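Every value quoted in this text rests on a predicted model; they were computed, and no experiment measured them.
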Amino acid sequence: MTNIIVAFPKQDTARNIKKILMQNGHHVDAVCSRLFNNMFINTITIFNALRYYIIKALQNANELDGGVMVCGYRFADMMYTELHEYLPPQFEMLLVASPGNCGERDVENLVCLSTPLKINELLQTVEMMEYMITRRRKKARQKPKERSEEEMNLISEAKALLMERNNLTEEEAHRYMQKRSMDNGTGLTETAQMILSLLT
């Protein structure tokens with residue numbers, strides 16, 4: 001499920017947007033009407049203030065794996081541009097602003113909806129953003145992780161052993177290891193370790 005944070009200078013606006021989203025099946029993790037209050041001034045940075053609100057709202061969550069921040073154009077404490085700058089990289093921003101402000105926005109990598117806000121446009125936009133985040137997460141999971149030099153050496157040793165003992169070409173040894181890896185549900189490095197421990 002995608003994390004949604006709603007941040008607007010007016011508490012009523014933030015609550016109304018939260019209500020619309022929740023009534024339509026979205027889970028809103030946090031609602032912020034100010035990013036600072038008096039206790040924050042001169043004691044912690046903007047970034048820490050934002051983290052404070054996110055962590056406070058999510059209490060038991062260890063980390064956010066991405067989400068959407070629906071926010072207004074201007075807060076008492078900062079502009080949306082500063083907020084965008086301090087958002088974790090896995091977060092997308094949906095700016096709700098006047099048509100003029102949407103047209104002249106200073107940040108490229110965000111989605112903008114013009115006021116007056118139409119409920120169906122808000123819902124469709126949030127769903128589109130959630131879909132894109134889910135796709136990005138899926139791609140990241142499918143991307144093969146880079147192996148360390150030690151792991152590469154282990155795989156090479158196992159291949160060399162298979163080539164020597166079983167008279168295989170490098171390609172055949174690699175295919176054999178891949179097949180064993182898929183059959184056993186293990187990674188290539190684990191398979192290499194297994195081959196080395198069995199054959200040496």
Side-chain angles (χ1 to χ4, degrees), residues 1-5 7 26-30 35 44-71 80-95 105-112 125-200:
M1 184 177 290
T2 305
N3 303 292
I4 298 177
I5 297 169
H26 298 281
H27 178 74
V28 177
D29 296 287
L35 297 175
I44 59 176
T45 62
I46 292 169
F47 178 72
N48 286 337
L50 175 61
R51 280 182 58 91
Y52 170 82
Y53 276 107
I54 292 170
I55 290 166
K56 184 179 173 191
L58 298 174
Q59 290 172 1
N60 298 323
N62 293 328
E63 62 179 52
L64 298 176
D65 57 356
V68 178
M69 160 108 23
V70 184
C71 73
Y80 78 96
T81 48
E82 292 171 89
L83 179 56
H84 186 270
E85 201 176 307
Y86 292 105
L87 269 179
Q90 65 271 27
F91 263 83
E92 301 275 334
M93 179 179 274
L94 172 55
L95 174 66
R105 63 182 187 266
D106 298 324
V107 178
E108 283 184 20
N109 193 19
L110 61 81
V111 178
C112 193
T125 305
V126 168
E127 283 166 18
M128 175 196 71
M129 292 174 81
E130 285 181 326
Y131 173 74
M132 296 305 287
I133 290 166
T134 304
R135 268 189 74 201
R136 194 169 59 233
R137 277 189 208 144
K138 196 173 179 180
K139 269 188 178 179
R141 279 197 301 269
Q142 289 172 345
K143 189 178 178 182
K145 76 169 190 179
E146 287 192 29
R147 294 188 177 96
S148 68
E149 193 176 327
E150 186 183 327
E151 290 172 322
M152 296 291 279
N153 290 338
L154 207 61
I155 292 166
S156 294
E157 278 181 57
K159 267 198 257 185
L161 188 61
L162 285 170
M163 289 162 65
E164 185 186 321
R165 299 239 344 221
N166 298 88
N167 209 15
L168 299 173
T169 65
E170 186 181 355
E171 192 180 326
E172 289 169 336
H174 188 74
R175 271 204 310 262
Y176 174 82
M177 287 173 62
Q178 280 183 320
K179 183 163 182 2
R180 289 281 78 71
S181 180
M182 288 193 305
D183 290 347
N184 297 330
T186 57
L188 206 54
T189 308
E190 281 180 88
T191 303
Q193 285 172 327
M194 192 171 63
I195 288 167
L196 289 168
S197 64
L198 289 171
L199 299 181
T200 54

Q.
For a quick test of reading the model, state the closest non-hydrogen atom pair linking Q193 to L154 and the distance between them.
A. CG-CD2, 3.1 Å
Q.
To the closest 0.5 Å, what do you measure between CG (L110) and CD (E92)?
A. 9.0 Å
Q.
Looking at M128, I want to see if its CE is surrounded by more than 12 non-hydrogen atoms of other residues, nucleotides or ligands under 6.0 Å.
A. yes
Q) Among Q178, E171, M177, E170, which one satisfies side chain to side chain contact (heavy atoms under 4.5 Å, CB included) with H174? A) Q178
Q) Under a 4.5 Å cut-off applied to non-hydrogen side-chain atoms, are I5 and F91 in contact? A) yes
Q: Using the side chain to side chain contact (heavy atoms under 4.5 Å, CB included) rule, pick out the option among L161, I155, L162 that qualifies with K159.
A: I155
Q: Report yes if the side chains of R137 and T2 come closer than 4.5 Å at any heavy-atom pair, otherwise no.
A: yes
**Q.** Validation row: R180, D183 side chains within 4.5 angstrom (heavy atoms)
**A.** yes
Q) Would you say the side chain of K139 lies within less than 4.5 Å of the side chain of R135, judging by non-hydrogen atoms? A) yes
Q.
How long is the straight-line distance from CE of M182 back to CG of L188, given to the nearest 0.5 Å?
A. 10.5 Å
Q) At what distance, to the nearest 0.5 angstrom, does CG of N184 lie from NZ of K179? A) 9.5 Å
Q: Answer yes or no: is there a side-chain heavy-atom contact under 4.5 Å between T186 and M194?
A: no
Q) Should H84 and L95 count as side-chain neighbours, where that means a heavy-atom distance under 4.5 Å? A) no
**Q.** Nearest non-hydrogen partners of M93 and Y80, listed with the distance
**A.** CE-O, 3.7 Å
**Q.** pair I4-E130: side-chain heavy atoms closer than 4.5 Å
**A.** yes
